[in-house]
A.B. asks: 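First, the structure itself, so that you have it in front of you.
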2 protein chains.
Amino acid sequence: MVEVNQQLPEPVPETGLSIAEAARRTGVSTHTLRYYERAGLVVTPVDRTHGGRRRYREFDLEWITICTRLRATGMPIKGIRRYAELVAAGRGNEDERLDLLESHHDQVLAKIAELQENLKLIARKVDVYRGRLAAGDADQLWVPNRTPAAR
Amino acid sequence: MVEVNQQLPEPVPETGLSIAEAARRTGVSTHTLRYYERAGLVVTPVDRTHGGRRRYREFDLEWITICTRLRATGMPIKGIRRYAELVAAGRGNEDERLDLLESHHDQVLAKIAELQENLKLIARKVDVYRGRLAAGDADQLWVPNRTPAAR
DNA sequence: CTAAGTTTTAGAGCGTGGTCGAAGTCAACC
DNA sequence: GGTTGACTTCGACCACGCTCTAAAACTTAG
């Protein structure tokens, strides 16, 4: 469960943003921002000040946001790196990019379906407990003889 | 993504099942079955042969299945252990069990909602790629000037 | 100019959830 | 009784995705 930054975007100044500010806006820690860079998730190297400090542009924030959405839907770091590499490679691999995104999309749909399926059993058990507790019948729930529905 | 064992249940013989057979039926490796036991996920110790080997009953398989459903929906090992402890403690904590299950249930619903939300951006990008590829327009997708929608 | 606060790097460390290996025991069949 | 093969325990190991540390360099306010 992730804090999704849902406000109107504050404009990014010409000079770019410090890593701390970029972290605040994207909801990712500074540590993680640097880690993502090291891990090859970033398409274009982030600009630096003459002193070597990162300056994040609108552009970079948007890409990081894409990364966080892919992460939040369970794409592994490797998959995102692959996507970043394709984008970095430039024109000519758009079909591969589509494949990658489409297949991830389908996997997420499948994952959601699986969650919903498994949730059914849990919901059933919640109902059982709720029903019996309401009926003051709760001690029926733990039956030494192992009636499974109640466990 | 998990193989959900969706067949009619083969009956468990009086003598119980070997760990290998229990693994096959629950879709969990023997290593993991032992690990779950060590980790305190099992309410009642699994029966043993006189030689010390585990014999799994219907009962045990059902509990393991509950564990796998909880795992598949993202409940951490600690949470499942807590639930197992409550069940093992017997009568009198049914309200706590309900709390635990209910709160997990709600978390899963929230997780699904989050997945669906984040999936939207991915679906949009898939559509963009698909549209442009169909239009033979794909080289518009990587624009050096950084039009974000296309990346 | 100085002091305080940020950011830099490389690398180590951590939490989670298994997964595996070694050495020994048990069961089954010939 | 001997040989396979499955099973036992226990601790080590692994992949993943961060997360943190240390020491040095940069930036800014006063």
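All of these numbers come straight from a predicted model, not from anything done at the bench. Each chain gets a letter, A, B and so on, in the order its sequence line appears, and its residues count up from 1.
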A.B. asks: May I ask you to check whether B:Trp63 and B:Tyr56 place their ring centers less than 6.0 Å from one another?
C.D. replies: no
A.B. asks: Apply side chain to side chain donor-acceptor pair (under 3.5 Å) to A:Thr68 and list each qualifying residue two or more places apart in sequence or on a separate chain.
C.D. replies: none
A.B. asks: With a 4.0 Å cutoff (strictly under), does any side-chain N or O of B:Thr32 reach OP1 or OP2 of C:dT19?
C.D. replies: yes
A.B. asks: Touch check for B:Arg55, heavy atoms < 4.0 angstrom, all strands: base, sugar-phosphate only, or nothing?
C.D. replies: nothing
A.B. asks: To the nearest 0.5 angstrom, please state how far the CD1 atom of A:Ile77 sits from the CG atom of A:Leu41.
C.D. replies: 5.0 Å
A.B. asks: Measure all distances between protein nitrogen or oxygen atoms and nitrogen or oxygen atoms of nucleotides 25-30 of chain C, and list the pairs falling under 3.5 Å.
C.D. replies:
| unit_1 | atom_1 | unit_2 | atom_2 | d |
| --- | --- | --- | --- | --- |
| C:dC26 | O2 | B:Arg53 | NH2 | 3.0 |

A.B. asks: For A:Val46, is there any backbone N or O sitting under 3.5 Å from a side-chain donor or acceptor partner on A:Arg55?
C.D. replies: no
A.B. asks: Look at all strands and tell whether A:Thr30 reaches a base, only sugar-phosphate, or nothing, counting heavy atoms closer than 4.0 Å.
C.D. replies: nothing
A.B. asks: Which residue lies toward the 5' end of DNA chain D, B:Arg48 or A:Tyr35, if each is placed at its nearest nucleotide?
C.D. replies: B:Arg48
A.B. asks: Measure the CD-CG distance between B:Glu85 and B:Asn93 for me, rounded to the nearest 0.5 Å.
C.D. replies: 10.5 Å
A.B. asks: Dump the pairs, protein N or O against N or O of nucleotides 21-23 of chain C, anything under 3.5 Å, distances to one decimal.
C.D. replies:
none

A.B. asks: Got a second to check how far A:Tyr36's OH is from A:Ile64's CD1, nearest 0.5 Å?
C.D. replies: 9.5 Å
A.B. asks: If I take atom CD in residue A:Glu21 and atom P in nucleotide C:dT6, what distance separates them, rounded to the nearest angstrom?
C.D. replies: 13 Å
A.B. asks: Assuming nearest nucleotide by heavy-atom distance, tell me which of B:Glu37 and A:Ile77 is located more 5' along DNA chain D.
C.D. replies: B:Glu37
A.B. asks: Using a 4.0 Å heavy-atom cut-off, does A:Arg38 contact any base of the nucleic acid, only the sugar-phosphate backbone, or nothing at all?
C.D. replies: base
A.B. asks: Can you name the side chain to side chain donor-acceptor pair (under 3.5 Å) partners of A:Arg130, sequence neighbours left out?
C.D. replies: B:Glu102
A.B. asks: My understanding is that only residues two or more places apart in sequence, or in another chain, count here; which of them pass side chain to side chain donor-acceptor pair (under 3.5 Å) with A:Ser29?
C.D. replies: A:Thr32
A.B. asks: So where does chain A start and stop touching DNA chain D, 5' to 3', when the test is distance under 4.0 Å to a non-hydrogen atom?
C.D. replies: D:dC16 to D:dT27
A.B. asks: Is the side chain of A:Asp106 donor-acceptor paired with the backbone N or O of A:Ser103 at a distance under 3.5 Å, no angle test?
C.D. replies: no
A.B. asks: How many whole angstroms separate atom OH of B:Tyr36 from atom C1' of C:dT16?
C.D. replies: 12 Å
A.B. asks: Under 4.0 Å, heavy atoms only, any strand: does B:Ala39 hit a base, just the sugar-phosphate, or nothing?
C.D. replies: nothing
A.B. asks: If I take atom CD1 in residue B:Ile80 and atom C1' in nucleotide C:dG17, what distance separates them, rounded to the nearest angstrom?
C.D. replies: 11 Å
